[in-house]
Amino acid sequence: MPALDLSTLNPPQRDAVTTQHGPLLVLAGAGTGKTRVITFRIAELIRRGVSPERILSVTFTNKAAKEMLERATHLLGNKGARKKPVISTFHSLCVRILREEIETLGYPSRFAIYDRGDQESAARTALREVRVADKAMRPPDLLNVISKWKMAGIPPERAADFVENDQEFLAAVAYRKYQKNLRSSGAVDFDDLLLLTDHLFQTNPEVLKRQQQKFDYVQVDEYQDTNGVQFRLVEALVAPHKNLCVVGDDDQSIYGWRGAEVEHILGFDRHFPGAKVVRLENNYRCTDQILDLANRLVKHNVGRYDKTLIAHKSSEHPVRFAEFESEVEEAEKLVAEIKYLIEEKNFPASSIAILFRTNEQPRVFETELRRMDIPYVLVGSQSFFDKKEVRDLMAYLKALAFPQDDISLMRIINTPTRGIGASTVEKISTRAVQQGSHFFEAVDTSLKAGDISQKAADSVRSFQRLLETFRGRTQSEVHRLSDLVHELIKTIDYDSEICRQYKDEAQQIARKEVLEGLVSSVSDYVQQAEKPSLYEFIENSALGARDDESNKEDLLSGQGVKLMTLHSAKGLEFPWVYLVGLEEGYLPHRRSVEDGSRKAIEEERRLAYVGITRAKDYLTISRAGTRKKWGKKRLSLPSRFLHEMKGETAPPEVAAAIAFAED
DNA sequence: AAGGAGGGTTTTTTT
DNA sequence: AACCCTCCTT
């Protein structure tokens with residue numbers, strides 16, 4: 001654990017950071033010790049007698065929250081051991097508030113939180129219900145549009161007025177279905193958590209007052225990434241005292257597509273008059289060459305605070321630019337070098353990171369790393385919870401915990417196959433919609449109406465009984481929840497399902513191990529939980545806040561080469577970094593280029609900036625001349641950012657291609 | 001209803 | 001190359 005050291009701040013800055021009252025904006029560039037500022041402030045406030053639980057710090061990821069808590073606890077030593085400062089993500093904070101205020105809500109007292117996978121299923125169902133052809137709009141696209149509307153406070157009924165193109169017209173119709181289905185399943189998505197809390201604050205002064213009284217000091221990390229709803233929540237919480245300290249860097253705003261608005265950080269002193277502004281421009285992370293490159297690149301952005309970070313470390317090694325024939329060669333050559341570094345130079349694998357723009361890119365590197373027997377960790381979205389088996393089993397657990405959750409039920413009703421075919425499901429569902437009931441309540445009607453056979457009805461009912469039995473037991477035998485999950489897997493005979501699906505024996509074993517992993521994480525959860533419940537386990541999983549899992553991740557991350565997207569690399573640093581795939585269409589991404597707006601390209605440029613500034617000592621930036629896409633080899637041109645950061649003009653063929661794409 | 005073959009489509013980024 | 005959907009046979 002690095003010692004906390006504010007010697008990097010000059011005295012007025014130090015005073016400002018520890019100012020006890022009023023709004024404070026810390027504009028901190030990359031590598032200037034942003035997070036340290038918050039941790040230091042927490043410790044300082046506590047030292048001055050503020051009770052730890054009255055200090056709220058909000059981060060964007062659970063990982064960041066956990067790390068901050070560890071640092072703060074460490075800093076406080078034994079003194080802080082009894083009470084802890086509150087550190088949480090926006091989403092966990094909202095869940096807590098909603099749970100506390102559940103009585104006032106008028107919403108079902110139990111609600112399922114849908115994770116990304118659930119949201120996609122719900123989106124797919126909605127699209128189907130409004131008969132949108134699959135190719136007209138994909139579930140993820142629908143979710144993006146819905147999220148945009150939700151963050152702008154636009155409800156389903158009014159979405160039609162805000163439609164900007166044909167696709168959004170379809171989305172507006174599907175949005176209504178999506179929200180209706182979620183509500184009838186007793187579920188909320190990530191955005192709803194924020195929206196409901198916001199709504200609660202706006203409409204219920206007592207609730208707001210109660211929540212306001214909980215905290216005397218509020219701090220927000222990565223403030224450049226707050227969206228409209230998050231801004232309103234913060235504003236509401238600090239309204240009585242305005243003791244708000246935000247930390248961020250407008251050059252690292254990379255979540256515009258999720259509704260983040262840089263205006264929040266740029267206009268902080270307008271929103272909070274009298275705000276103190278502290279600028280941190282001394283970079284202690286990167287060598288001067290790395291920083292030069294980053295500075296030169298980001299200067300091409302127009303909408304930003306003009307600032308130049310000052311390096312405090314001189315370069316031992318120049319930044320390298322590598323070019324390869326294909327993406328395969330890129331992976332082979334770079335991994336060969338990594339092998340050399342680890343084996344010959346005793347470089348710890350964990351100090352090396354490979355950063356890329358999209359989730360498709362790490363594949364080649366994974367193959368190569370595995371071939372070379374180098375330990376690696378793929379950090380990010382394609383995680384444990386995205387595996388099909390886990391999602392199936394989680395759907396079972398959700399169906400158990402939430403009897404009205406028909407969306408989860410649909411996922412598992414015939415998985416593994418149990419004689420409930422598509423047409424049976426279709427017919428019962430239609431009846432259910434007609435009579436405005438849940439799926440199981442429509443079985444009788446369907447049978448009487450002659451929609452389905454007696455045999456089909458029996459299969460459905462017997463599955464319903466199975467669920468009910470387990471549902472009862474998850475409550476009465478909650479202390480042995482993991483045994484129950486194990487028993488459930490045996491009862492539904494999921495193992496046979498795996499064997500049927502995967503012919504390869506190694507695959508079968510791997511998949512079964514995944515399931516065992518889930519069972520053991522349930523068991524870990526039950527052990528560490530104060531008052532274990534199936535609901536809480538599901539909730540933790542959705543929010544990605546499961547202790548056991550992140551511990552495992554930490555354990556792993558100590559060992560391997562890290563592979564991650566630029567988005568997940570935000571806030572991290574590594575001694576040795578490969579920034580790969582610097583090609584037009586990837587960075588900047590094709591979709592942003594096609595968008596054509598300066599804003600879109602500037603966000604891509606900030607992504608590249610984030611990538612460069614992750615490197616402490618060594619940076620290699622690489623590109624491939626060809627790249628396989630959809631099984632076909634295609635020419636890949638060097639990214640415009642390469643030329644910008646080197647201070648060159650793009651060669652004619654690249655410039656022509658850029659101009660062509662922008663037309 | 002289940003399973004397999006064949007055909008078409010796909011890849012931003014994430015709490 | 002991998003996935004999902006549809007259609008066809010059993």
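Naming: A, B, ... by sequence-line order, numbering from 1 per chain.
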Inset, instruction - Remember a base hit wins even if backbone is also touched, and classify A:Phe90 as base, sugar-phosphate or nothing at under 4.0 Å, heavy atoms. - result: nothing
Sorted by chain and residue number, the salt bridge (Lys or Arg N to Asp or Glu O under 4.0 Å) partners of A:Glu573 (sequence neighbours excluded) come out as A:Arg285, A:Lys616
Between the protein and nucleotides 1-3 of chain B, list every N/O to N/O distance that falls short of 3.5 Å.
| residue | atom | partner | partner atom | Å |
| --- | --- | --- | --- | --- |
| B:dA1 | OP1 | A:Gly421 | N | 3.4 |
| B:dA1 | OP1 | A:Thr424 | OG1 | 2.6 |
| B:dA1 | OP2 | A:Ser423 | OG | 3.0 |
| B:dA2 | OP1 | A:Gly419 | N | 2.8 |
| B:dA2 | OP2 | A:Asn414 | ND2 | 2.9 |
| B:dG3 | OP2 | A:Arg500 | NH1 | 3.4 |

Sequence neighbours excluded, the answer for ring-ring contact (aromatic ring centres under 6.0 Å, His included) partners of A:Phe365 is none
Stacking check A:Tyr255 vs B:dT14 (5.5 Å / 30 deg): no
Residue pairs passing the side chain to side chain donor-acceptor pair (under 3.5 Å) test with at least one member in residues 186-197 of chain A, sequence neighbours excluded, are A:Ser147-A:Asp191, A:Lys150-A:Asp189, A:Lys150-A:Asp192, A:Tyr178-A:Asp189, A:Gln179-A:Asp192
Quiz item: Is the phosphate of B:dT15, meaning OP1 or OP2, less than 4.0 Å from a side-chain N or O of A:Asn62?
Solution: no
Sorted by chain and number, sequence neighbours left out, side chain to side chain contact (heavy atoms under 4.5 Å, CB included) with A:Leu56 holds for A:Val58, A:Val86, A:Leu93, A:Phe215, A:Val218, A:Leu237
In DNA chain C, consecutive runs of at least three Watson-Crick or G-U pairs below 3.5 Å, as range with range, amount to B:1-10 with C:1-10
Please produce a list of atom pairs where a protein N or O lies less than 3.5 Å from an N or O of nucleotides 1-3 of chain C.
none

**Study point:** Pair A:Lys628 + A:Glu360: basic N to acidic O under 4.0 Å
**Key:** no
>> Categorize A:Phe60 for me: base, sugar-phosphate, or nothing, with a 4.0 angstrom heavy-atom threshold over every strand shown.
In response: sugar-phosphate
Hits for salt bridge (Lys or Arg N to Asp or Glu O under 4.0 Å) against A:Arg623, two or more places apart or cross-chain, chain-then-number order -> A:Glu323
Contacts of A:Val234 meeting side chain to side chain contact (heavy atoms under 4.5 Å, CB included) (sequence neighbours excluded), chain-then-number -> A:Phe90, A:Val220, A:Leu244
Sorted by chain and residue number, the side-chain hydrogen bond (donor to acceptor under 3.5 Å, both in side chains) partners of A:Asp392 (sequence neighbours excluded) come out as A:Lys388, A:Arg411, A:Tyr494
The salt bridge (Lys or Arg N to Asp or Glu O under 4.0 Å) partners of A:Glu261 (sequence neighbours excluded) come to none
Sequence neighbours excluded, the answer for side-chain hydrogen bond (donor to acceptor under 3.5 Å, both in side chains) partners of A:Ser459 is none
